[in-house]
Asks: 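Just passing along the structure, written as structure tokens.
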Amino acid sequence: MLRSPLLLAILLTACVRTPEEAAEIDPQIASEVASIKAIDNHAHPVRPTASGEKPDTEYDALPVDSLEAQSDYVRSRPGSPALLAAHRALFQGDKAAAAKTYGQEYALKVLDQLNIETMLANRVALGPGLPSPRFLWVPFADALMYPLATDSLVQNPDQKAFFALEAKLLTRYYAESGVATKPVTLDQYLDQVVRATLERHKKDGAVAEKFEMAYLRPLAIGNPAKSAAEKVYATGAGDYRALQDYIFRFIAVECGRLGMAVHFHTGAGGGGYFNVGGSNPMLLEPLFNDPSLRKTHFVMLHGGWPFAHEETALLTKPNAYLDFSAQTFMNYPRDVAQNLRAWLEYVPEKVLFATDAYAYAPPAAGWEEVGYVANASGREALGMALTAMLRDHEITRERAGELARMVLRDNARKLYGLK
Ligand SMILES: [Zn+2]
């Protein structure tokens, strides 16, 4: 067990870099960064299930195992040193024994190993073994944007699978809302299915709604007239995008009213058909600039890589935040550190630590290993960025400690109103 912050600091850095390389991080900063109990803004923890029980499938609305093969980035490949090191470090390399020993406590024990106090769990549902408040729920809202058949929207085999999954989730939302068939008018649909679902999510503890929109369509969201959206809803004819955009805006306003943030996947994503250009966070600027949406907090997940630079500029919007999940296992700490430094020099109050812990290829790359790598690399990148700022006399040592606490915990605490 990692009870000593110093030991944890050494392990967190040693698993991805040699001691000589790690020394470029100021030792005091390294130990402070390692010792902070973090809030993880975005992850997909898998629910522990007993043997014989159906395995958990609710960790994503659009799981990556339905994708065609792509050219994998180096760090995610089987046998990648970072993943192997993570596997050895977790539960002394024996996850199966730990899962048996800890049972329903298993996911909590994983959080303890990563020194993560609170993990925002982006899942269809939370369920047993992922107790609140250590896990806080972030459900999915994309399905609500597609009340009509989606065959005409499918452009590739990956999307065919994705839209089928969204249809399934919408069916579930109908059932949970007590609505049997598609309501006659758009207003009725918005009230009886959309608002009802958002209010239910809120009541069940959700702190945000997540959009995986970039997997389905570009992030360019227009501002259509209601009459245009109503016509498409009623007849199925016309511009389906106008209906989607109108519903999105309704959801965003409702999230603001209910005190839930809106999470967007931004930047590169999984699958060889993923539209990287359509995931550019700059496409969200009209939303951030819309006075009617200023009460809604938007969080750009994954730091928008490869558009991290653009995302820096968007941080000046009062309702825009970002996290640096996924970058931390796709990319190496030096690259992430450069992005982090730019954000911390600009608007540090809205930069959030996150892992995107995800079961890409279990058991070797389960959510635990991916979370371990992202957590270690994320903290290392933060240490590198703060050290560079300190050595360039941009910040004092005290401010470095303060920035570490803000990024790892306090910024998220403020955004979600956590204790
Ligand atoms: Zn994710």
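Values reported hereafter were calculated over all heavy atoms of this structure, with side chains retained and with hydrogens, waters and symmetry mates removed. For ligands, and for the atoms within them, numbers begin at 1 and follow the listed sequence.
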Asks: More than 12 heavy atoms of other residues, nucleotides or ligands under 6.0 Å from NZ of K182: is that the case?
Replies: yes
Asks: Tell me, which N, O or S atom in H42 is closest to the Zn ion (ligand 1)?
Replies: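 Restricting H42 to its N, O and S atoms, the minimum distance to the Zn ion (ligand 1) goes to NE2.
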Asks: Would you kindly say whether H302 and T266 are connected by a side-chain donor-acceptor distance under 3.5 Å?
Replies: no
Asks: Taking atom types as modelled, find out whether N339 and Q327 have a side-chain donor-acceptor pair closer than 3.5 angstrom.
Replies: yes
Asks: Only one of F324, Y360, W305 passes ring-ring contact (aromatic ring centres under 6.0 Å, His included) with F329; say which it is.
Replies: Y360
Asks: Kindly give the atom name of the N, O or S atom of D356 closest to the Zn ion (ligand 1).
Replies: OD1
Asks: So does H265 have any N/O/S atom less than 2.8 Å away from the Zn ion (ligand 1)?
Replies: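 So H265 does not bind the Zn ion (ligand 1) by this criterion.
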